[in-house]
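Everything on this sheet refers to the single structure shown next.
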Amino acid sequence: MKLYKDFNISKNHKKSIILIGNFDGVHLGHQKLFKLANTYKKKFNLKIGVLTFEPMPKMFFNKNFKNFRISNANQKKNNFRSLRG
């Protein structure tokens with residue numbers, strides 16, 4: 001699984017499943033997305049990439065929010081690893 005922070009998707013992920021979102025914490029909805037992506041990955045022999053935002057849009061557009069997140073970037077990476085199929 002490849003983690004992206006912008007829309008410069010590498011050539012080997014052009015025909016892949018790319019999940020896009022904040023992914024701050026791993027709630028049941030996120031888990032369901034990753035489970036579905038892993039199903040399609042296996043069925044169609046695809047790769048999975050994740051595009052996440054850093055800083056989060058709420059923090060980017062409102063400078064009054066100094067820390068509006070559940071998990072930091074390293075925790076997100078660990079969460080994504082746990083959801084790999």
Side-chain angles (χ1 to χ4, degrees):
M1 183 178 314
K2 174 79 173 152
L3 180 63
Y4 291 98
K5 294 182 182 175
D6 56 39
F7 289 102
N8 294 321
I9 307 299
S10 68
K11 192 182 227 182
N12 65 346
H13 272 102
K14 289 295 182 184
K15 293 185 180 181
S16 299
I17 300 165
I18 306 292
L19 302 171
I20 302 172
N22 285 323
F23 298 108
D24 191 32
V26 182
H27 60 67
L28 293 175
H30 293 144
Q31 292 173 33
K32 188 171 183 173
L33 278 176
F34 277 88
K35 185 175 181 179
L36 185 60
N38 281 310
T39 299
Y40 283 108
K41 172 189 170 184
K42 291 173 187 165
K43 184 174 182 178
F44 298 107
N45 194 28
L46 298 170
K47 295 179 182 178
I48 297 177
V50 177
L51 181 104
T52 188
F53 307 104
E54 188 61 39
M56 291 175 53
K58 189 161 194 145
M59 293 168 59
F60 180 82
F61 290 108
N62 187 342
K63 302 300 180 195
N64 292 325
F65 287 110
K66 300 296 181 207
N67 187 6
F68 187 80
R69 58 179 100 212
I70 297 169
S71 53
N72 64 36
N74 286 332
Q75 291 168 322
K76 279 186 187 185
K77 287 180 191 176
N78 290 332
N79 290 339
F80 296 148
R81 281 190 199 110
S82 72
L83 295 170
R84 274 194 292 216

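Since we're looking at a predicted model, the values are computed, not measured.
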Interatomic spacing from CD in Q31 to CG in N79 - rounded to 0.5 Å: 9.5 Å
Residue pair F23 / H30: nearest heavy atoms and the distance that separates them: CD2-CD2, 3.3 Å
Set of side-chain contact (heavy atoms from CB on, under 4.5 Å) partners for L46, sequence neighbours left out: I17, F44
Quiz item: cation-pi between K63 and F61, 6.0 Å / 45°: no
Heavy-atom donor-acceptor pair, S16 side chain to I48 backbone, under 3.5 Å: no
Side chain to side chain, F34 and L19, heavy atoms closer than 4.5 Å: yes
Spacing of NZ belonging to K47 relative to CD1 belonging to I18, to within rounding of 0.5 Å: 10.5 Å
Side-chain (N22) to main-chain (D24) donor-acceptor, under 3.5 angstrom: no
Interatomic distance, L51 atom CG to N8 atom CG [nearest 0.5 angstrom]: 10.0 Å
